[in-house]
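Hydrogens, waters and symmetry mates are skipped; everything else that's a heavy atom, side chains included, is used. Since the structure is predicted, the reported quantities are computational estimates derived from the model, not experimental observations. To find a chain, count down the sequence lines: A is the first, B the second, and so on, and within it residues start at 1.
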Amino acid sequence: LGLQGRFRRREYSAIEMKFLRRAIFAIFMMVITATVYRLRGTGGTPPQHGGWRPLELPER
Amino acid sequence: MSRIAVVGRGVVGDRIVRRLPTVVPPFELVTVDPRRIGDVPPGVDVVVLAQGGAHAPVAAEFLDVGTAVVSVSDDLDDVRALLDLDDLARASGVPLVVGAGMSPGLTGLLARMLADQLASCDEIHVAIHGTAGPACARNQHDALGGRAVGFVDGTWIQRRAGSGRELTYFPEPVGPYDCYRAELTPPILLHDAFPEASRLSARISANRRDRLTARLPMLTPPHREGGIGAVRVEVRGNDAAGGRRTLIAGVAELVGTSTAATAIAFAAHALDGRLPAGVCRAGDASLDTVALLRDIGQAGVRLQEFTGVPSEQRISANP
């Protein structure tokens with residue numbers, strides 16, 4: 001490769017790095033968004049005791 | 001011999017036809033093609049509307065000829081249109097059951113049964129999981145993309161569907177699911193049946209994909225029938241001694257089966273003349289709720305109640 005070939009190769013690397021930076025930024029933003037969504041809301045606390053049982057209907 | 005017509009032969013319609021004989025004495029079944037609604041069959045005592053699409057126009061045609069109508073519709077606009085048929089039903093002297101499915105329907109009956117155990121009831125919260133057939137799945141999809149209606153401190157509110165996440169514990173084997181506000185009918189029907197309740201809400205289970213795609217057309221065709229669904233009804237109020245009580249009941253069953261059982265119970269009561277003329281809502285004080293729930297149990301649905309104490313932290317966080 002002469003001078004022209006080396007220059008072209010450095011140009012391609014810059015494009016790849018730009019793409020890589022953008023991909024990392026997109027993943028970072030995705031993680032931040034997912035974290036916000038997960039932390040929003042009150043969620044819930046499991047019932048502390050008890051459980052489900054068949055319902056006995058009251059006498060009429 | 002009495003004549004019962006069933007409109008629609010989807011998951012719910014098929015199950016109604018198969019299980020009607022378990023609750024109703026010998027009868028003649030009339031199958032009505034939803035595409036030929038104009039030809040109302042003569043001499044029908046009760047018609048069960050279980051087809052997809054709007055029920056109100058069909059109900060009006062049957063009410064015109066004096067047939068009692070049981071509708072399993074869960075679409076908000078359709079339910080409002082059905083409620084507007086009260087005058088027509090009264091004039092015809094027949095009942096029009098609005099919301100005779102799992103929700104609305106079974107949820108209202110459970111709410112009434114729980115509220116009757118309290119001296120006063122001021123809050124009712126309903127949660128739903130699962131779908132029956134494709135039409136039900138489409139309705140749920142649309143509900144998650146609409147405007148949720150709720151009743152808070154005596155005022156009607158509208159919130160964006162898909163908001164208001166709450167972790168809800170359904171009866172086993174369904175278990176816990178995140179539930180969100182949606183364009184559901186229970187608050188409207190429960191308000192009529194429980195005018196004293198100052199807080200009414202309804203939520204539906206959904207995952208992130210459901211919420212993300214709710215405002216888009218359905219990307220994939222719905223299943224032939226959903227898996228095991230569930231409802232959970234939480235009623236809060238005071239007991240006779242003035243203490244604060246929270247009562248919870250629910251069902252874990254195929255949604256199509258629960259819906260069919262509820263519709264069958266209402267059809268049987270309409271056939272026996274145990275429903276008043278005009279619009280009837282599940283949970284109305286004038287209905288024999290216990291008898292309806294017994295019929296639903298007879299049609300194969302196991303009712304359950306929660307015996308523990310729900311977390312006080314959750315109650316205070318989500319009033």
### Stepwise side-chain contact (heavy atoms from CB on, under 4.5 Å) test for Leu55(A) and Arg302(B)
CA-CA 8 Å; Leu55(A) 175 66; Arg302(B) 192 168 65 112; over 6 Å; no
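- Taking a 6.0 Å sphere around CZ of Arg22(A), one finds it holds 12 or fewer heavy atoms contributed by other residues, nucleotides or ligands.
- Heavy atoms of Pro171(B) lying under 4.5 Å from chain A belong to its backbone as well as its side chain.
- Counting heavy-atom neighbours within 6.0 Å of Glu196(B) CD, excluding the residue itself, gives a total above 12.
- Among pairs with a residue in residues 110-119 of chain B, none fulfils side chain to side chain donor-acceptor pair (under 3.5 Å), at least two apart in sequence or across chains.
- Shortest non-hydrogen contact noted between Trp52(A) and Phe170(B) is NE1-O, 3.5 Å.
- Nearest approach of Leu57(A) to Val290(B), heavy atoms of both residues: CD1-O, 4.1 Å.
- With sequence neighbours left out, Glu305(B) forms a side-chain hydrogen bond (donor to acceptor under 3.5 Å, both in side chains) with Arg53(A).
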